[in-house]
Amino acid sequence: MAARRENLAALRSRGKDPFAQRRAEVTATAGELLERYGFLAATQDAAAEQWSLAGRILSKRTMGKTIFADLGDRTSRLQLYVRKQDVGEDGFADWNDLDRGDLVAVRGYMFRTKLGELTLHVTAFRAIGKALRPLPDKWHGLQDVEKRYRQRYVDLIVNPDVRDTLVMRSRLIAEMRRFIDGAGFYEVETPTLLHLAGGAAARPFVTHCNALDKAMQLRIATELNLKRLIVAGLERVYEIGRIFRNEGIDTTHNPEFTMLELYAAYWDVSDMMEFNEALIAHLVSVATDGGTDLPHGDGAISFQRPFARIEYLDAMAQCSGGRYTRERLLDSVAAQQILGELGLPASPTHGHALDKIFERVVEPSLIVPTFVSGYPVVISPLAKRRADDPEIADRYELFCATMEISNAFTELNDPDDQRARFDAQVSERLAGNEEIPEPDWDYVRALEYGMPPTAGIGVGVDRLIMLLTNARSIRDVLLFPLQRQHG
RNA sequence: GCGCCUUUAGCUCAGUCGGUAGAGCAGCGGCCUUUUAAGCCGUUGGUCCCGGGUUCGAGUCCCGGAGGGCGCACCA
């Protein structure tokens, strides 16, 4: 660091203070130039066309009166070629005071070196920012996982894979919006700060509002407010927003994460399944440059439409050799017995038991994209019952690579049924299940004004991005994953 | 919360049986006008995560603590 400060002082003494610079002319990015001049043959140049670009020096190779360096900008990395005879004595001295990590604006023309690399022959340049701290090892980059997450800015500078993944995330979410907007949905933003967090089973974060002198909660879902907007007549709404759940942290859980929730009036769960399948297939195509197969681990998963479809109860039966029948699963006592057979601890509720059984018995086999339809009503408090089977809800979940990717159902719009299910939840809550939220009675009031038949879906965006980018940990698709504080 | 692993130079890592701290890269000084993990010669650089203990002597052994990773548990 001392050496870098000396170089900074040297630049300043020649009137080239990098921190005094206000802006840089940029007429091209590294990526654009690499594409545009792909036709150049070795040693051939395009000296007639001058370009200006800006970025960070990622490496520097000095060879006497010549310097090769790599410039990185948001698109790519481009080699620079600087000759003393082009930039003069002073200019060359300035280059010697530039360190790896410094920010520069350069001007020059493209050529291809005799070893075949497209390179910018620099005719003019200027330091526009100085790195007082050295960059990590040019070859190994930053490996220390802890430092990578804590100092993500460094990770992003030196590890191209990290940047590629996070840039892909940005593109995929933009694509998701474009696709949904194209279907006539309004994007809305509903409050994060609520008096009562509902719409899912999860422990909320609690905070305090000084102005109201009230305890508040951070939302655990956007569901109830979005459906209020369906009551309000917006008909097609969605939100891509941050959700907070005060639970564990591991490779598939971060306390705050991004969820897509979308509601369409006049659709049922089958319409939603169509839409869901089209959306996922589209995103796979974007992620794979037009393909249908996603790399996953060492292999690949095909997202060729149509995806597999199976009934929840059939899946349970098949994966248990017929032992877990409808009768047993839908009976609270029998379901607990199954837990015992599986060697799992007893669950506080029937619903919890079903989730555990499914997780153990069915989920591990759900590798290819599969819609699992017809969840029991006991684990679907906000979903409509099937017309011909009132114990089963009109609901599906999409699984892929054993991860739940989306959860959708025909929304329950009968206020009396909704009130009854909330009452049942109150009992569960009193029985000690802390994840069951307090009922939001105003939501029932909203339903009393009339909600059209509606289908809704929730998609865990981070896990979807993990799938689409073949990331092993949710932290790899988050810019700043939560870390414990030092000290 | 439990178990296993891990923390040494700016970065990536080695460090034997407990004997006084090492390499590569980066940096610094030199040579080099098409290199690309440039090369060659020379050279600087340490809170060995923190706190105790055992010992003549601890990076190394013991106890406690902190951070991180993985697994389990928790978590639609």
Side-chain angles (χ1 to χ4, degrees), chain A residues 1-7 42-43 45 58-70 77-87 92 96 99-101 111-119 121 131-151 154-155 158-159 199-203 220-221 245-255 257 259 344-345 347-349 351-352 354-359 363 372 375-376 378-382 395 397 399 403-407 409 434-436 458 460 463 472-473 475 481 483-487:
Chain A
M1 275 185 68
R4 285 166 182 261
R5 286 193 180 276
E6 280 169 27
N7 288 343
T43 72
D45 67 44
L58 297 175
S59 68
K60 193 174 138 192
R61 299 175 288 284
T62 305
M63 278 185 46
K65 299 182 180 68
T66 306
I67 295 169
F68 285 92
D70 290 329
R77 176 189 275 245
L78 178 67
Q79 181 167 257
L80 304 178
Y81 177 57
V82 183
R83 291 190 310 189
K84 192 171 191 171
Q85 75 185 64
D86 297 323
V87 299
F92 209 68
N96 278 321
D99 295 301
R100 184 161 167 266
F111 76 109
R112 196 184 283 278
T113 66
K114 66 182 181 191
L115 289 178
E117 179 157 355
L118 278 174
T119 301
H121 190 128
L132 293 175
R133 291 179 189 272
L135 255 31
D137 193 281
K138 66 180 174 189
W139 183 243
H140 298 96
L142 189 63
Q143 300 289 330
D144 185 296
V145 187
E146 179 182 353
K147 269 198 189 110
R148 282 189 43 221
Y149 296 135
R150 283 192 198 282
Q151 297 184 50
V154 179
D155 193 26
V158 298
N159 291 333
R203 262 178 278 249
I220 57 174
R245 295 187 180 176
N246 206 345
E247 284 158 359
I249 302 177
D250 60 35
T251 47
T252 54
H253 296 82
N254 195 65
F257 61 100
M259 181 124 101
L344 293 169
S347 285
T349 63
H352 188 264
L354 290 178
D355 283 335
K356 289 287 131 192
I357 296 168
F358 188 84
E359 198 175 289
E363 259 185 46
V372 179
Y375 279 68
V378 285
I379 49 175
S380 314
L382 297 159
R395 167 183 174 195
E397 289 195 358
F399 286 88
M403 271 193 303
E404 178 202 330
I405 296 299
S406 38
N407 175 22
F409 38 89
E434 282 182 56
E435 278 106 43
I436 302 291
R463 289 187 190 174
R472 283 199 315 280
S473 167
R475 294 181 205 105
Q483 295 279 110
R484 198 183 296 271
Q485 203 151 26
H486 260 147

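Only a predicted model underlies this, so the values are computations on that prediction, with no experimental measurement involved. In what follows, every chain begins at residue 1, and chains take the letters A, B, ... in the order their sequences are listed.
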*Rounded to the nearest angstrom, tell me the gap between atom NZ in K356(A) and atom C1' in A73(B).*
9 Å
*Which whole-number value in Å describes the distance from L115(A) CG to A37(B) P?*
10 Å
_Using only atom types and a distance under 3.5 Å, with no angle test, would you say the side chain of N159(A) pairs donor to acceptor with the backbone of L142(A)?_
yes
*U12(B) and A26(B): how far apart are their C1' atoms, nearest whole angstrom?*
11 Å
*Quick one: are Y375(A) and N407(A) in side-chain contact, heavy atoms under 4.5 Å?*
no
*Using the P atom as the reference point in each nucleotide, state the distance between G51(B) and G18(B) in Å, no decimals.*
23 Å
*Pairwise C1' distance for A76(B) and C4(B), with rounding to whole Å*: 29 Å
*Can you tell me the Watson-Crick or wobble partner of U43(B), both distances under 3.5 angstrom?*
G27(B)
*Does C49(B) have a Watson-Crick or wobble partner in any strand here, with both distances under 3.5 angstrom, and which is it?*
G65(B)
*Identified pairing partner of G71(B), criterion: Watson-Crick or G-U wobble below 3.5 Å*: C2(B)
_Whole-angstrom distance between U36(B) and C25(B), as gauged at atom P_ = 15 Å
_C1' atoms of U8(B) and U60(B), separation to the nearest Å_ = 11 Å
*Measure from CG on D355(A) to P on C75(B) and round the result to the nearest Å.*
10 Å
*Could you check whether F111(A) gets within reach of a base, just the sugar-phosphate, or nothing at all, counting any heavy atom under 4.0 Å?*
base
*Contact class for N7(A) vs. all strands (heavy atom < 4.0 Å): base, sugar-phosphate, or nothing?*
sugar-phosphate
*Where the side chain of H140(A) is defined as all heavy atoms beyond and including C-beta, which of C70(B), A76(B), U12(B) is the nearest nucleotide?*
U12(B)
*Using purine N1 to pyrimidine N3 plus N6-O4 or O6-N4 for Watson-Crick, or N1-O2 and O6-N3 for G-U wobble, both under 3.5 Å, which nucleotide pairs with G59(B)?*
none
*In the strands shown, is A76(B) matched to any nucleotide by a Watson-Crick or G-U wobble pair with both distances under 3.5 Å, and which?*
none
_Side-chain N or O of R150(A) versus OP1/OP2 of G68(B): is the shortest distance under 4.0 Å?_
yes
*Would you call D70(A) and R61(A) a salt bridge, using N to O less than 4.0 angstrom?*
yes
_Rounded distance in Å - NE2 (H253(A)) to P (G71(B))_ = 13 Å
*What distance, rounded to whole Å, do you find between the two C1' atoms, one in C28(B) and one in A9(B)?*
15 Å
*Taking for each residue the nucleotide of RNA chain B with the nearest heavy atom, is it D99(A) or Q483(A) whose nucleotide lies nearer the 5' end?*
D99(A)
_Gap in Å between the two P atoms, one belonging to U55(B) and one to C13(B), rounded_ = 37 Å
_Separation between the P atoms of U33(B) and G45(B), rounded to whole Å_ = 32 Å
*Of all the nucleotides listed (C70(B), U33(B), C28(B)), which has the minimum atom distance to the side chain of T251(A)?*
C70(B)
